[in-house]
Q: 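Could you have a look at this structure, given as structure tokens, before my questions?
Excluded from the calculations below are hydrogen atoms, water molecules and symmetry mates; all remaining heavy atoms, backbone and side chain alike, are included. Every chain is numbered from 1, with letters handed out A, B, ... down the list of sequences.
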Protein chains: 2
Amino acid sequence: MKNVNSDLAYNHIRRRILNGDYLPGASLITEELSKEIGVSRTPVRDALRQLEVDGLVSIRPRLGASVKQVNLKEFREICEMRVALESHAAGLAAISRSQEDLAEMEYALQAMHPLSAKLREADREDDDVISALIREDVRFHVAIMTAAKNDLMKKEIHRLHLINRVVSGPAAMSQGARTEAKATMDANRASVMAEHESIFRAISAGDSAAAKHAMGEHIQSIIDKSVRLMSRAESRVLARELSQEEMLYTI
Amino acid sequence: MKNVNSDLAYNHIRRRILNGDYLPGASLITEELSKEIGVSRTPVRDALRQLEVDGLVSIRPRLGASVKQVNLKEFREICEMRVALESHAAGLAAISRSQEDLAEMEYALQAMHPLSAKLREADREDDDVISALIREDVRFHVAIMTAAKNDLMKKEIHRLHLINRVVSGPAAMSQGARTEAKATMDANRASVMAEHESIFRAISAGDSAAAKHAMGEHIQSIIDKSVRLMSRAESRVLARELSQEEMLYTI
DNA sequence: TCTTGAGTAAATGTATACTAAAATATTCAA
DNA sequence: TTGAATATTTTAGTATACATTTACTCAAGA
């Protein structure tokens with residue numbers, strides 16, 4: 001995208017969705033958005049179609065656009081795609097990684113150690129430390145995607161991440177679920193660190209099969225955790241779609 | 001898509017691209033297309049944007065749309081994605097396959113045996129037999145994707161296949177390359193059959209790891225063959241993009 | 001002859017008016 | 001009061017006019 005107004009609309013709507021200003025299911029009316037952004041309906045339509053491709057918006061012909069609501073089936077499918085792509089990417093990274101790639105991964109790991117330790121010792125959760133930890137976690141994963149030397153794959157993985165973020169991110173979670181998520185993350189922090197280490201060792205050693213396997217386990221465990229969390233959170237956006245049959249019991 | 005006119009335009013352009021009427025690199029002018037199809041520019045623009053998502057068209061802002069030309073780097077990336085997704089899908093299929101799925105795979109294999117044998121015996125290539133063989137090959141792979149019970153993954157694999165078909169399909173090949181492709185395919189037919197058999201055995205036995213591995217090898221060998229063929233074919237559409245530096249030698 | 005630059009043509013991006021379909025409100029009868 | 005039929009409103013799809021940018025042509029000068 002580089003069409004000034006379409007770009008404007010795209011970035012505006014995208015930011016607001018990722019921000020949680022428009023919650024999953026909320027309808028996105030082109031005219032309202034065009035007034036809000038200050039462009040005509042045409043670039044807004046373009047932006048919504050692009051966002052549909054990104055998986056953040058769903059468009060039903062003649063009925064308009066709304067923020068994508070992911071049901072359990074789709075969530076599972078997205079997760080399976082992530083396992084397939086991220087583990088394969090780790091395998092490629094073990095073959096194609098440069099010294100710079102390895103240095104970036106090592107930097108992230110070195111940075112995470114003290115941060116993780118600090119959280120384990122402290123009684124209270126420190127948001128700054130947590131966000132720093134998340135940043136380094138992302139850095140580690142991005143470094144691997146970069147090392148795999150496959151832009152298409154990197155882009156697709158990023159796309160899937162963003163969809164998951166919209167449905168399982170802060171915006172889509174209740175307050176209770178959010179604190180519980182923090183607790184679980186805290187408990188599993190040590191195992192995450194160990195998994196990162198073994199992924200890094202395999203990539204560093206150039207052992208493609210081992211890297212692939214280690215990453216597969218890692219992503220799978222992350223997914224298992226978030227699925228468990230979301231089920232408990234009774235998140236509206238993750239609710240299974242009820243069949244016509246089941247809807248008969250609404251009395 | 002279900003907007004009558006956008007749909008009309010989308011199907012029209014898509015068919016012509018897959019048909020080879022518009023070759024890779026050909027520019028697609030919205031006004032020409034709108035006259036040809038008999039709708040206004042708006043639905044044509046929608047269709048072109050959708051086709052860009054499909055990976056069949058590339059749009060450069062202000063410069064218009066053209067049929068996608070895939071360079072060697074992108075081709076490699078698409079192939080790597082296919083290996084990642086199709087092998088993972090085979091692994092899932094080994095877990096989730098139903099009796100109907102297995103029956104469909106077995107049907108395809110049973111149908112391929114005599115067809116393959118007939119081609120090996122006959123001196124002359126029989127187009128009808130070849131297209132029947134391709135149909136059963138597709139049936140086998142589709143059955144596996146279906147058995148994996150992941151629509152998102154199935155759709156993405158199908159998308160990647162179509163892109164490969166446009167750049168490496170009959171339309172994108174010279175006559176010489178086409179006959180050579182046939183010869184190579186003939187030589188490798190036996191090994192393809194053996195690979196199919198071992199994939200089927202693993203899925204049937206519910207051995208996820210084995211199915212994954214067998215499919216990975218199978219796709220990789222298919223890709224290796226087509227890469228070799230295309231390199232030899234000196235296909236314009238697969239040509240590496242020349243740098244500014246290199247363009248200085250055009251005298 | 002080659003390069004440079006103004007001018008022109010062509011095609012895309014954008015805004016808007018029009019059309020059609022879906023959702024909502026209203027009316028009237030049972 | 002309820003329910004169905006109808007009218008109104010809203011909103012998306014489409015066509016088209018206008019604005020903007022790019023590419024191309026052709027002439028003038030080095």
Q: Can you list everything that forms a side chain to side chain contact (heavy atoms under 4.5 Å, CB included) with B:Ala103? Sequence neighbours excluded, please.
A: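 So B:Ala103 forms no side chain to side chain contact (heavy atoms under 4.5 Å, CB included) with any residue.
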
Q: Sequence neighbours excluded, which residues qualify as ring-ring contact (aromatic ring centres under 6.0 Å, His included) partners of B:His88?
A: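 Per chain and number, B:His88 pairs via ring-ring contact (aromatic ring centres under 6.0 Å, His included) with no residue.
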
Q: Any chance you could list the contact pattern along nucleotides 8-20 of chain C? Use B for base contacts, S for sugar-phosphate-only contacts and - for none, protein heavy atoms under 4.0 Å, 5' to 3'.
A: ----BBBBBB---

Q: Going 5' to 3' along DNA chain D, between which two nucleotides do contacts with chain A fall, using a heavy-atom cut-off of 4.0 Å?
A: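 Listing 5' to 3', DNA chain D meets chain A from D:dA12 to D:dT14.
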
Q: Please identify each residue that fulfils side chain to side chain contact (heavy atoms under 4.5 Å, CB included) with B:Ala65, with sequence neighbours left out.
A: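 Here the qualifying residues are B:Leu28, B:Leu48, B:Val57, B:Ile59.
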
Q: Under the side chain to side chain contact (heavy atoms under 4.5 Å, CB included) test, which residues partner A:Ala143, sequence neighbours left out?
A: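 Here the qualifying residues are A:Glu104, A:Met105.
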
Q: Tell me every residue that passes side chain to side chain donor-acceptor pair (under 3.5 Å) with B:Thr42, counting only those two or more places apart in sequence or in another chain.
A: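 Partners of B:Thr42 by the side chain to side chain donor-acceptor pair (under 3.5 Å) criterion come out as none, since no residue qualifies.
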
Q: By side chain to side chain donor-acceptor pair (under 3.5 Å), which residues pair with A:Asp101, not counting sequence neighbours?
A: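 Side chain to side chain donor-acceptor pair (under 3.5 Å) list for A:Asp101, sorted by chain: A:Ser98, A:Lys149.
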
Q: Check side chain to side chain donor-acceptor pair (under 3.5 Å) between B:Glu32 and all other residues, then give those that pass, not counting sequence neighbours.
A: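 With sequence neighbours excluded, B:Glu32 shows a side chain to side chain donor-acceptor pair (under 3.5 Å) to no residue whatsoever.
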
Q: So for the helix from C:dT1-D:dA30 to C:dA30-D:dT1, with five pairs setting each end axis, what is the inter-axis angle to 10°?
A: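 Axis angle across the helix from C:dT1-D:dA30 to C:dA30-D:dT1, nearest 10°: 10°.
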
Q: Taking only residues two or more places apart in sequence, or in another chain, which ones meet B:Glu136 in a side chain to side chain donor-acceptor pair (under 3.5 Å)?
A: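 Once residues adjacent in sequence are excluded, the partners of B:Glu136 under the side chain to side chain donor-acceptor pair (under 3.5 Å) criterion are B:Arg139.
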
Q: Which pairs count as side chain to side chain donor-acceptor pair (under 3.5 Å) when at least one residue sits in residues 51-63 of chain B, sequence neighbours excluded?
A: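 For residues 51-63 of chain B, and leaving out neighbouring residues, the side chain to side chain donor-acceptor pair (under 3.5 Å) pairs sorted by first residue read B:Tyr10-B:Asp54.
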
Q: Compute the centroid of each ring, for B:His158 and then for B:His141, and state whether the two points are separated by less than 6.0 Å.
A: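 Aromatic pair excluded; centres sit 6.0 Å or further apart.
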
